[in-house]
Amino acid sequence: MINITLKNGDIRQFEEGVLIVDIVKSINQKLIKTACCCLLSNKIVDLRDAVYQDETLEILTFDDLKGKEAFWHTSAHILAHAVVRLYPSAKLSIGPAIENGFFYDFEVDTPFSTDDLSKIEKEAKKIIKQNPKIDKKIISKQQAIEIMKEKNQPYKIKLIEEISSKDNDISIYSQDDFIDLCAGPHILNISSIKGFKILQTTGAYFKGDSKNKQLSRIYGISFPTTKQIDEYITSIEQAKKRDHNIIGRQLKYFTTNENVGQGLPLIMHKGAKVLQILQRYVEDLCEKNGYLLTKTPFMAKNDLYKISGHWQHYKDGMFVIGDEQTNDDILALRPMTCPFQFMIYNSDIHSYKNLPIKYFENSTLCRNESSGEMHGLIRLRQFTLSDGHAITTEDMLDGEFKNILNLIQTIMKSIGIENDIFYRFSKWDPEKKDKYIDDPIAWKNTEDKMKDILDNLDIKYISAIGEAAFYGPKLDIQMKNVHGKEDTIITIQIDFSLAERFNMTYIDSNGIKKHPYIIHHSLIGCYERTLALLIEKYSGDLPLWISPLHCRILPISEIHQEYSENIKTILQKHNILVEIDSTSEKIGYKIRKGQLDKVPYMLILGDKEVSSNTISIRSRKYGESFDIPIDTFIQNITNEIKNKII
C-alpha cells in the first residue's frame, strides 16, 4: 500500500499503481467532472497517470492556472482535430495553451479565411459533442517518428528528433483517429468543454524563426460553461472599444501605410505631442536626478557590436547595412544605446569618487521584429526608448538600484498606472547557453545580488527562467494590454559582463583599477508602447497634463470669432494648448465633435460671454459651468497640469 497526502493534510491509502483518476473518484465522485489535472509532489501530471509510491496530491480545476492550461491545451488538440478533418493535407506544428486560451500553427496551401474559421469552429463543436475518448500512451522516439511519417507530419518529426537522446520515451495523445505528440496533461472528458470559440488567424513562423516557412496560426478560447464564454465574448467587444490600434487611429494619434512598412507607424500631430510631453518630462526628471544627457549615432560599425556581444547574440534582430562577404565596413542600425554610452565613459579616466555616473538618452532604436509579433504601437521596428545606464561600484549597487526603481515608480504614478503594473524577475536559462554569456558563476552571483535587492525592497515579483538579457538578469515591469496580453514596459538590468568586455574601469580607494557594475534601465520604456497602453487605459481620455490639447474654443457664431482669438492668445501665454473650432457648424455639432475628439475642456463663447468678459466651460470631468472669469479658469487648469492630476 502507498500513502497519498491530500492538500488538506488527510492521508489515504491505495494499492501501488493506482490511477490518479481513481483517487479523485474516491475523494468525491462529483470532483471528477471539474478536475483538469493534478499536482503530484510538485509535478504537474495527468489524471490518467498511475502512482507507485508515497506522494502528496493536489487536484487542480479550471480555477487553477495549471488547470486552465490543461483545459486549453486539450482544446488546442480539438482545434487541430477539426482542421485535419476539414483539411486532410494540413501539416501540424505546435499548439500550446497561452495566457488567454490557446493557438495551433498549421501549414496549409492557402491561409485560413473568415469562412474557414467558421467551418473549423463548427467542426470543433461537433467533435466536442461526439465526445471521443482521450487516450495517453508512452512510446519510443522511433515509434513516434514512424507514426508521424505515416501521418505525413514533418514538423512533428522535427520536434521528436530534437528531444534529448536521454528521453527515449515520448507521450502521445489520441482521440478517435487523431494522434498528436504531447507531454500533456489533458482533461479527462472533452464534453467538459461547454464554450468553444475561435478568435482569429495570423501568420507565424515555425519556432518563431523568420528563416522558416510562414505558417497559419489560429487562436481560440474555451470554458467549462456557456456563461463564461458569453462573458468573455462581451469582454472582447468592450476591449475593442479601448484598443489603441482602433481608437488611436480614430483620434488621429497615428496611422500606418503599407508603402512605409510594417512596424513603422506614422505618428501624427496629436501622438507626436504626447510623446514630446512625456520625453520632456523624463528628461527634466533625469537632469534633476544627476543624469548626463547624451546624443549618439543611429548606427555603428559591427566592430562595436562584436565587442558588446550583440553581434554574436542578437544579430538576427538587427538591421545590417552591407554584406560581410564583400564589404570591409559593415554597419548596423542600433538596437540599443549601451555600447555608445560606454564609449563615452571610456573617453575619460574615472575615480570611485566620481561614481555613480548616469547617462540618459531618448534614443531612436531599430529592431528587426518578425511580422507576426508586431501590433499597433506595442511592438515596432523603429521606436523611441528612454535609455539609461548607471555605472557604479559594487557597494553602490543596492542604493542605485533602489534610486532607479523609485524614479520609475514616481513616473508610473504620474501617468496613473502604478496599480496596473507588476514585477517579473527574469533569470537566465543554463540549458540555453548559446543565448547567454556563458559564465554560470557570474550569473549565480548577479542573480543572488538582484534577489537580495528585490527582497530588501519588499518587491513582490514572479520569477521567469529564460527571460534575462544575454549579459545579466533583469527586473521587468509588466502591464497587460486591453486584450489581456502581458507586455514588458520597463526593465532594470544588472550587467556583470559588458564593463569587462569594453574595458571600462575606475580607480578604487587603493589606487587599483576595477571594472564597474552597470545598471541598464529605462525610466518610462518605449514611448510609443507607453502611449498605446495609456490610450487603452483611459479609452483615449488622457489625463490633462499629457493630453495633446487642453481646451478647444467653440464660438457660437462668426461674430464671436474675435473674442475667441483674444481668449486663445491669453491662454497660450500660460502655455495652455488651445485651438479654435472656427467652422460654421452649429454649436451642438461642435460640442459633439469635441466629445468624440476627447477634448478635456470646451470653452463656449457667445453674446453673454463677450458682454461679461467671461467664458462658459464644458469639462469632460467636471461637467458644465457658466460665467467663469478667464483668470479663474487659467488658475484651475494650470494647477491641474502642474500637479499632474489624473
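FYI, side chains are in, hydrogens and waters are out, and symmetry mates aren't considered; it's all heavy atoms of this structure. Just so you know, these numbers come straight off a predicted model, no measurement behind them.
For the 3.5 Å distance criterion, the side chains of Thr488 and Gln478 qualify, holding a donor opposite an acceptor. Ser113 and Asp116 are linked by a side-chain donor-acceptor pair at a separation below 3.5 angstrom, with hydrogens and angles left out of the test. Arg334 and Thr364 share no side-chain donor-acceptor pair at under 3.5 Å. With hydrogens and angles left out, the side-chain atoms of Ser522 and Ser386 include a donor and acceptor closer than 3.5 Å. A donor atom on one side chain and an acceptor atom on the other are not found under 3.5 Å apart for Glu585 and Thr583.
Residue Gln200 qualifies as enclosed at atom CD: its count of foreign heavy atoms under 6.0 Å is above 12. Other residues, nucleotides and ligands contribute at most 12 non-hydrogen atoms within 6.0 Å of the NZ atom of Lys301. Atom NZ of Lys621 has more than 12 heavy atoms from other residues, nucleotides or ligands within 6.0 Å. The 12-atom threshold is exceeded at CD of Glu99, counting heavy atoms of other residues, nucleotides or ligands nearer than 6.0 Å. No more than 12 heavy atoms of other residues, nucleotides or ligands lie within 6.0 Å of CZ in Arg280, so this atom counts as exposed by the packing criterion. Within a 6.0 Å radius of CD in Gln635, no more than 12 heavy atoms belonging to other residues, nucleotides or ligands are found.
Here Lys537 pairs with Asp420 in a salt bridge; the nearest charged N to carboxylate O distance falls below 4.0 Å.
The main-chain N or O of His483 is found under 3.5 Å from a side-chain atom of Asn481 such that the two form a donor-acceptor pair. A distance-only check finds no donor-acceptor pair linking the side chain of Lys358 to the backbone of Ile391 [under 3.5 Å]. A donor-acceptor contact shorter than 3.5 Å links the side chain of Asn643 to the backbone of Asn639.
Here ring-ring contact (aromatic ring centres under 6.0 Å, His included) pairs that include residues 257-300, with residues two or more places apart or in two chains, are Tyr281-Trp545, Tyr291-His521. Residue pairs satisfying the ring-ring contact (aromatic ring centres under 6.0 Å, His included) criterion with at least one member in residues 611-644, sequence neighbours excluded, are listed as follows: Tyr601-Phe633. Here ring-ring contact (aromatic ring centres under 6.0 Å, His included) pairs that include residues 563-588, with residues two or more places apart or in two chains, number zero.
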Could you walk me through whether Asn566 and Thr569 pass the side-chain hydrogen bond (donor to acceptor under 3.5 Å, both in side chains) check? CA-CA 5 Å; Asn566 292 337; Thr569 300; 5.5 Å; no

Show your reasoning for whether side chain to side chain contact (heavy atoms under 4.5 Å, CB included) applies to Asn302 and Leu331. CA-CA 6 Å; Asn302 63 348; Leu331 297 171; over 6 Å; no

Side chain to side chain contact (heavy atoms under 4.5 Å, CB included), that's the test. Do Lys608 and Asp627 meet it? Break it down for me. CA-CA 8 Å; Lys608 184 179 179 182; Asp627 303 324; 3.2 Å; yes

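Here Ile535 contributes atom CD1 and Lys598 contributes atom NZ; the two are 11.0 Å apart, rounded to the nearest 0.5 Å. Here the straight-line distance linking atom CD1 of Ile556 with atom CD of Glu609 works out to 6.0 Å at 0.5 Å rounding. Atom-to-atom distance recorded for Ser582:OG and Ile553:CD1 is 9.0 Å, nearest 0.5 angstrom. Note: Leu385 CG to Ser363 OG = 6.5 Å, rounded to the nearest 0.5 Å. Note that CD1 of Ile344 is 11.5 Å distant from NZ of Lys295, once rounded to the nearest 0.5 Å.
Between Phe106 and Tyr104, the ring center distance clears the sub-6.0 Å criterion.
Among the candidates Thr337, Thr296, Thr384, the single residue satisfying the side-chain hydrogen bond (donor to acceptor under 3.5 Å, both in side chains) test with Glu361 is Thr296. When each of Lys568, Lys590, Arg618, Lys593 is tested with Arg552 by the rule side-chain contact (heavy atoms from CB on, under 4.5 Å), just one qualifies, namely Lys593.
When all heavy atoms of Ile646 and Ile415 are compared, the pair lying nearest together is CD1-C, 3.9 Å. Between Glu640 and Leu544, the closest heavy-atom pair is CD-CD2, 3.5 Å. Taking both residues in full, the closest heavy atoms of Val260 and Leu264 are given as O-CD1, 3.5 Å, listed atom of the first, atom of the second, then distance.
For His375, the ring pair (Phe, Tyr, Trp, His ring centres under 6.0 Å) criterion is met by His244, not counting sequence neighbours. Partners of Arg367 under the salt bridge (charged side-chain N to carboxylate O under 4.0 Å, His left out) rule, at least two apart in sequence or in another chain, do not exist in this structure.
With contacts defined as side-chain heavy-atom distances shorter than 4.5 Å, the pair Ser222/Lys197 does not qualify. The shortest distance between side-chain heavy atoms of Tyr253 and Val274 falls below 4.5 Å. Between Phe425 and Ile462, the closest side-chain pair of non-hydrogen atoms is not below 4.5 Å. Looking only at side-chain heavy atoms (C-beta outward), Ile559 and Gln561 stay at 4.5 Å or farther from each other. Put simply, the side chain of Ile591 reaches to within 4.5 Å of the side chain of Ile604, judged on heavy atoms. Side-chain contact between Ile477 and Arg424 is absent, with no heavy-atom pair separated by less than 4.5 Å. Put simply, the side chain of Thr255 reaches to within 4.5 Å of the side chain of Met268, judged on heavy atoms. A 4.5 Å side-chain heavy-atom check between Ile490 and Asp476 finds every atom pair outside the cut-off.
Aromatic ring orientation, Tyr345 versus Tyr359: perpendicular (interplanar angle above 60°, classes split at 30° and 60°). Using cut-offs of 30° and 60° on the angle between ring planes, the pair Phe470 and His313 is parallel.
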Can I get a per-line list of side-chain donor-acceptor pairs under 3.5 Å for residues 403-412, giving both atom names and the distance, sequence neighbours left out?
{"residue": "Asn403", "atom": "ND2", "partner": "Gly399", "partner atom": "O", "Å": "3.3"}
{"residue": "Asn406", "atom": "ND2", "partner": "Lys402", "partner atom": "O", "Å": "3.4"}
{"residue": "Gln409", "atom": "NE2", "partner": "Tyr423", "partner atom": "OH", "Å": "3.1"}
{"residue": "Thr410", "atom": "OG1", "partner": "Asn406", "partner atom": "O", "Å": "3.0"}

